[in-house]
Amino acid sequence: IRCRAEDRYDPTALQHYGGGINTKVKTVTVTDSNFEDCVSTLKEGGALHIGGQGGGSTASITGSTFKNCSAKNGGGAVLSSHETLTIENCNFYGCSTSASNGGAVYHYRNSRGDSTQKNLTIRNSTFDVAPNVENGEGCSAANNGGAIWTRANTNVTLEGLTINKCSAKNGGGIYLD
């Protein structure tokens, strides 16, 4: 999927969320998909913007590749506010945010008053420079979490990750806020 979400007329419109997919359904499953050069020019989620649906909401991303996806704000590749986000066997190459956190993945609660316990699990995934690219950059964020960013009140499980050449002001690889 090659995609671009930009809003040329109304900066308050929802179309600038999720360069590839913008969804608010309670259960989201993405399997064996490729997202390349997906862009959210004004907001969040370069490839995927997965809006929260409260208790019991789950998002699962498996066997997928995100290459050169970007967003102005959180989640150069994936932004999710679902209660549980699971990412397994995925590759994130050169994803970025130009003004915020989470160069590849940004997982957060819906609002500062949201006390719902969140769960973020990432297994056997790579955050790196795209194969066959010389002198390239890994994932990057303007502020925190070059590869991964999540907020407090989140159970975090990270297993079998490769994080290479990722950068940010704080937490070049991972930033747990």
Side-chain angles (χ1 to χ4, degrees), residues 1-111 114 116 118-128 130 138-142 145-151 154 161 166:
I1 298 173
R2 289 180 185 245
C3 39
R4 183 176 188 89
E6 60 183 90
D7 186 359
R8 295 185 180 139
Y9 305 107
D10 180 3
T12 63
L14 290 178
Q15 66 197 50
H16 50 247
Y17 290 92
I21 298 171
N22 179 18
T23 183
K24 291 188 177 188
V25 298
K26 191 165 186 159
T27 302
V28 175
T29 303
V30 176
T31 305
D32 300 329
S33 299
N34 293 308
F35 297 86
E36 187 171 347
D37 300 322
C38 294
V39 178
S40 177
T41 59
L42 295 178
K43 285 291 185 177
E44 306 155 338
L48 303 173
H49 182 274
I50 304 168
Q53 290 297 314
S57 59
T58 62
S60 174
I61 304 168
T62 307
S64 297
T65 297
F66 300 83
K67 183 177 176 186
N68 299 323
C69 296
S70 64
K72 179 179 179 183
N73 293 318
V78 176
L79 179 135
S80 173
S81 60
H82 271 43
E83 185 174 318
T84 298
L85 172 62
T86 302
I87 297 172
E88 296 184 289
N89 303 310
C90 290
N91 298 303
F92 297 86
Y93 300 125
C95 297
S96 64
T97 62
S98 61
S100 189
N101 307 316
V105 176
Y106 184 106
H107 184 241
Y108 75 108
R109 61 185 185 243
N110 289 326
S111 66
D114 180 4
T116 304
K118 300 287 185 174
N119 302 288
L120 172 64
T121 300
I122 304 177
R123 291 188 178 101
N124 305 317
S125 295
T126 299
F127 301 82
D128 203 346
C139 299
S140 63
I148 302 163
W149 182 92
T150 190
R151 257 200 202 283
T154 300
L161 302 185
C166 295

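Sequential numbering from 1 along the given sequence is applied to the chain's residues. Computed from a prediction, not measured in an experiment: that's the story for all the values here.
Taking the ring-ring contact (aromatic ring centres under 6.0 Å, His included) definition, one finds that Phe66 meets it with Phe35, Phe92, sequence neighbours left out. In this structure Ala130 satisfies the side-chain contact (heavy atoms from CB on, under 4.5 Å) test together with Lys67, Tyr93, Val133, sequence neighbours excluded. With sequence neighbours left out, the side-chain contact (heavy atoms from CB on, under 4.5 Å) criterion links Thr31 to Thr29. Partners of Ser96 under the side-chain contact (heavy atoms from CB on, under 4.5 Å) rule, at least two apart in sequence or in another chain, are Ser70, Ser140. Not counting sequence neighbours, the partners of Thr58 by the side-chain contact (heavy atoms from CB on, under 4.5 Å) test are Thr27, Thr84.
When every heavy atom of Ser125 is checked against every heavy atom of Asn89, the shortest pair comes out as OG-N, 3.4 Å. For the residue pair His82 and Val28, the shortest heavy atom distance occurs at NE2-CG2, 4.1 Å. Nearest heavy atom pair, residue Gly46 against residue Ala71, reads N-CB, 3.7 Å. The heavy-atom pair separating Asn73 from Ala99 by the smallest distance is OD1-CB, 4.1 Å. The two residues Ser80 and Leu85 have their closest heavy-atom pair at CB-CD2, 3.9 Å. Here the shortest heavy-atom pairing between Gly103 and Cys139 reads C-CB, 4.5 Å.
In this structure, Val30 and Val78 have side chains that are not in contact, with every pair of non-hydrogen atoms separated by 4.5 Å or more.
With values rounded to the nearest 0.5 angstrom, Asn91 atom CG is found 9.0 Å from Asp128 atom CG. For the atom pair CH2 (Trp149) and CG (Leu79), the distance works out to 9.0 Å, reported to the nearest 0.5 Å. Put simply, CG on Leu120 and CZ on Arg151 are 14.0 Å apart, with the number rounded to the nearest 0.5 Å. Between the OG atom in Ser64 and the CG atom in Asn34 there is a gap of 7.0 Å [rounded to 0.5 Å].
A donor-acceptor pair under 3.5 Å links the side-chain atoms of Ser57 to the main chain of Glu83, judged by distance alone. Within the 3.5 Å criterion, the main-chain N or O of Gly19 finds no donor-acceptor partner in the side chain of His49.
Residue pairs meeting the salt bridge (charged side-chain N to carboxylate O under 4.0 Å, His left out) criterion with at least one partner in residues 68-81, sequence neighbours excluded, do not occur; the list is empty. Every pair passing salt bridge (charged side-chain N to carboxylate O under 4.0 Å, His left out) that includes a residue from residues 86-95 is listed here, sequence neighbours excluded: Glu88-Arg123.
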Problem - side chain to side chain contact (heavy atoms under 4.5 Å, CB included) between Leu48 and Ile61, worked out - result: CA-CA 10 Å; Leu48 303 173; Ile61 304 168; 3.8 Å; yes
